[in-house]
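Because only heavy atoms are used, hydrogens play no part in the values below, and waters and symmetry mates are left out as well, while side chains stay in.
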Amino acid sequence: GPAGPDVFADLATLRPGDRVTVVGSRGSATFEVRKVETVPKESLPYDRIWPDTDERLLRLITCGGRPFPEGGFPDNTVVYARLI
């Protein structure tokens, strides 16, 4: 694989008000970060990650927390953003 950190390596550094632009073959969309949290993998807040809404939302999820000595991470970092 490629050397260096992956695309979500700095996800936990995002703050409310930051913007994330997603670029695809049909154009781009910009989202504003509303919240960033680190949660245990066993207790993901499904109702907050995937709410029942028509609002256009973006959720970015990656491994988080202090790495285990044997490898892996105990938590997930979740970024909540909405289309602006």
Side-chain angles (χ1 to χ4, degrees):
D6 68 25
V7 68
F8 281 177
D10 293 327
L11 207 63
T13 65
L14 290 173
R15 297 289 173 251
D18 287 347
R19 293 184 175 184
V20 176
T21 300
V22 178
V23 179
S25 61
R26 296 189 301 167
S28 65
T30 300
F31 297 82
E32 182 179 58
V33 173
R34 306 294 290 174
K35 179 179 179 174
V36 179
E37 68 178 342
T38 299
V39 295
K41 286 185 179 186
E42 322 60 66
S43 57
L44 285 175
Y46 294 101
D47 57 330
R48 287 198 307 271
I49 295 173
W50 297 286
D52 184 14
T53 180
D54 291 331
E55 188 176 13
R56 293 181 180 195
L57 305 174
L58 175 70
R59 300 298 187 247
L60 303 172
I61 304 172
T62 194
C63 296
R66 182 181 296 263
F68 293 124
E70 64 277 9
F73 293 83
D75 302 322
N76 282 115
T77 298
V78 182
V79 175
Y80 302 85
R82 67 178 175 142
L83 186 67
I84 54 172

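Through chains of ILVMFWY side-chain contacts below 4.5 Å, Leu11 is grouped with Val7, Phe8, Leu14, Val20, Val22, Phe31, Val33, Val36, Leu58, Leu60, Val79, Leu83.
Checked against side-chain contact (heavy atoms from CB on, under 4.5 Å), Pro45 has the following partners two or more places apart in sequence or in another chain: Glu37, Val39, Asp47, Arg48, Ile49, Tyr80.
In terms of modelled atom types and a separation under 3.5 Å, the side chain of Asn76 and the main chain of Lys41 share no donor-acceptor contact.
Here salt bridge (Lys or Arg N to Asp or Glu O under 4.0 Å) pairs that include residues 21-33, with residues two or more places apart or in two chains, are Glu32-Arg34, Glu32-Arg82.
Other residues, nucleotides and ligands place no more than 12 heavy atoms under 6.0 Å from the CZ atom of Arg56.
Nearest heavy-atom pair, Cys63 versus Thr77, reported as atom, atom and distance to 0.1 Å: O-OG1, 4.1 Å. Between Pro74 and Gly64, the shortest heavy-atom distance links the atoms CD-O, 3.6 Å. For Pro67 against Phe73, the heavy-atom pair with the smallest separation is CG-CE2, 3.5 Å.
Side-chain N/O atoms of Thr30 and Thr21 include a donor and acceptor closer than 3.5 Å.
Residues Ile84 and Leu57 do not share a hydrophobic cluster, clusters being chains of Ile/Leu/Val/Met/Phe/Trp/Tyr side chains in contact below 4.5 Å.
Distance CZ/Arg15 to NZ/Lys35: 13.5 Å, rounded to 0.5 Å.
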